[in-house]
Amino acid sequence: MEDPRERLVPSVSTAELERRWKAAREVMKDRKIDFLLMRQDEEYYGGYIRWFSAITARHSYPITVIFPVDDEMATISSSPPAPPNDGRPPEWAVRGVKTRLGAPYYPSLHYTNTYDAELAVKYFKEKKAGTVGFVGLSSIHVPFHQYLTQNLPGVKFVDATDPIDYLKAIKSPEEIELIKGTARLQDSVIDHLKKVIRPGMKDLDINAEADYVSTKLGSTRLQVLISSYHPGEQPMGFMGRHFMNRVIRKGDQLVVLLEGNGPGGFVTEIARVFSLGEPAQEAKDMYALALEAQEHTRNMLKPGADPKEIWDANNAFLQKGGSGPEGRLYCHGEGYEMVERPIVRYDEPMKLQAGMNLANHPVAKNKRVWITVCDNYLITESGLAPCLHRTPKDIIVL
């Protein structure tokens, strides 16, 4: 008889989950928290529920995970009304989960806004919860939060996100191997794009090629960003899927960024420059500046480093080289999410530590050129942070 677990995509081992649970419970005991609660609805930024349960939310269908300090987990998902332990996902698909609750709630049906919160309130009342810590409070929507807090007047609610972020940020040896696997997957996709990009394609065709190959190699979520423009015309930064109808012309410059996961669910990202013909000298010069800026930051990715100091140093380096400064985000942690802490920016208090996986993508730009390069780096106890991608960083001339 067929084992239903054959349907499951690769994930971390049970031993890895147990390591996380042990670390989280130490935090909970230290802070006198009885339960952690997280609610997320998308794989791109659904890392909290996946870190605890290996369950992944997708397509805006919210999933709630409740993690007790002294018992197995409970989950709440959008499914037919079900008695305890008969909700989705099925029992054979979960680990460390005792209670699986379900209700037919949907974000587009406002009158179902509290269906999942009602199940959570009932659960906490039965468990006589004292203190509940929210994890990823920004992912918990207003009706859920209001119903929960208004109907559990005797429960103390705290934000437990910060200490869990510190646990998530430092990757275990098993997680690091999965991260390296994602980087190798993306190297393979860049190799494929070298063979297929040509004039007459649209940006969306590149998106489709990258998504197809990534999926075949084991990715379950991929964001493709493309900057395409003709030298001498207004340069464009990265544009998302709804801006990919442009036809690629001979002589164009393209920057293609792949940001997604691989088998096991961990994210890396790579960006490379493609030129459909010999690139202009100014483009070469600005790309050289981006490469130098990436290496400049890499040299600062060491345990104990302050993200604000790296941010300030990078902007000073770019401006000295004739580029505009970074204004949003150019270097940041990645794990189950495309962006996770720590980020290299003026407002990040988390210092860098060994075992962190960071994407590094400085942009060099002026009124005529917009160009970048991206790779992932693993912070180690000593020495230069190794680059996890292996694709050469030359401009790819087609």
Side-chain angles (χ1 to χ4, degrees), residues 1-30 33-40 43 46-58 63-77 79 82 84-102 123 127 133 135-136 160 163-185 217-221 261-268 333-337 340 355-357 378:
M1 184 174 178
E2 182 180 280
D3 184 348
R5 287 173 293 187
E6 293 178 2
R7 299 173 181 270
L8 297 171
V9 298
S11 184
V12 294
S13 67
T14 300
E16 169 60 24
L17 288 174
E18 290 171 344
R19 178 195 71 82
R20 299 172 185 177
W21 299 337
K22 182 176 184 293
R25 288 191 170 108
E26 289 174 357
V27 168
M28 295 169 73
K29 290 174 183 176
D30 182 62
I33 297 172
D34 303 309
F35 298 87
L36 297 177
L37 181 145
M38 58 219 80
R39 180 187 189 274
Q40 296 184 293
E43 193 165 1
Y48 293 116
I49 66 169
R50 192 166 194 175
W51 193 83
F52 278 92
S53 69
I55 298 169
T56 304
R58 195 170 170 92
I63 295 177
T64 297
V65 171
I66 300 172
F67 183 81
V69 70
D70 58 0
D71 201 354
E72 292 187 309
M73 290 177 279
T75 61
I76 305 171
S77 62
S79 62
N85 301 323
D86 199 27
R88 296 175 181 170
E91 184 177 8
W92 51 262
V94 297
R95 290 170 284 173
V97 175
K98 177 185 287 186
T99 306
R100 293 172 292 113
L101 304 171
Y123 174 88
K127 297 294 183 180
V135 179
I164 299 303
D165 281 347
Y166 277 84
L167 298 181
K168 283 174 71 249
I170 300 174
K171 306 302 186 283
S172 70
E174 180 176 332
E175 292 173 319
I176 289 170
E177 289 307 307
L178 291 169
I179 289 166
K180 290 178 179 178
T182 303
R184 290 192 292 270
L185 181 156
L217 293 175
S219 175
T220 60
R221 214 63 170 144
N261 63 24
F266 286 90
V267 175
T268 62
E334 289 183 322
Y336 283 134
E337 293 155 316
E340 70 173 36
M356 292 178 172
N357 167 44
L378 179 67

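Model, not experiment: these values are computed from the prediction.
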- Can you list the residues that meet the side chain to side chain donor-acceptor pair (under 3.5 Å) rule with Asp3, with sequence neighbours excluded? Arg5

- Note on the structure: Nearest heavy-atom contact between Leu36 and Phe52 is CD1-CZ, 3.6 Å

- Query: Looking at Thr220, Thr268, Thr182, which one forms a side chain to side chain donor-acceptor pair (under 3.5 Å) with Asn261?
  - Reply: Thr220

- If every non-hydrogen atom of Trp92 is compared with every non-hydrogen atom of Pro4, which pair is closest and at what distance? CZ3-O, 3.3 Å

- Taking all non-hydrogen atoms of both residues into account, name the closest pair between Met38 and Val135 and its distance. CB-O, 3.4 Å

- Message: Main chain of Ala169, side chain of Lys171: is a donor-acceptor contact present, judged purely on distance under 3.5 Å?
- Response: yes

- Task: Mind checking salt bridge (charged side-chain N to carboxylate O under 4.0 Å, His left out) for Glu2 and listing every partner two or more places apart, or none if nothing turns up?
- Result: Arg7

- Note on the structure: Heavy-atom nearest pair, Leu8 first then Ala93, reads CD2-CB, 4.0 Å

- Message: Using the salt bridge (charged side-chain N to carboxylate O under 4.0 Å, His left out) criterion, which residues pair with Glu26? Sequence neighbours excluded.
- Response: Lys22

- What are the two closest heavy atoms between Gly102 and Ser79, and how far apart are they? CA-OG, 3.2 Å

- Message: Just verifying a value: how many Å separate Tyr123 OH and Thr64 OG1, rounded to the nearest 0.5 Å?
- Response: 12.0 Å

- Item | Nearest non-hydrogen partners of Leu185 and Gly218, listed with the distance | CD1-N, 4.2 Å

- Taking only residues two or more places apart in sequence, or in another chain, which ones meet Ser172 in a side chain to side chain contact (heavy atoms under 4.5 Å, CB included)? Glu16, Arg19, Glu174, Glu175

- Query: Do side-chain atoms of Glu43 reach the backbone of Arg221 as a donor and acceptor pair under 3.5 angstrom?
  - Reply: no

- Task: Could you grab the distance from atom OG1 of Thr99 to atom NZ of Lys127, nearest 0.5 Å is fine?
- Result: 5.5 Å

- Message: For Ala57, is there any backbone N or O sitting under 3.5 Å from a side-chain donor or acceptor partner on Gln40?
- Response: no

- pair Leu167-Trp51: side-chain heavy atoms closer than 4.5 Å: yes

- Does Arg95 have any side chain to side chain donor-acceptor pair (under 3.5 Å) partners at least two apart in sequence or in another chain, and if so, which? Ser11, Thr14

Taking distance alone, no hydrogens or angles, what donor-acceptor pairs closer than 3.5 Å link side-chain atoms of residues 65-77 to residues at least two apart or in another chain?
| unit_1 | atom_1 | unit_2 | atom_2 | d |
| --- | --- | --- | --- | --- |
| Asp71 | OD1 | Lys98 | NZ | 2.9 |
| Asp71 | OD2 | Lys98 | NZ | 3.1 |
| Ser77 | OG | Arg88 | O | 2.6 |

- Straight-line distance of Tyr48 OH to Ser53 OG, nearest 0.5 Å: 14.5 Å

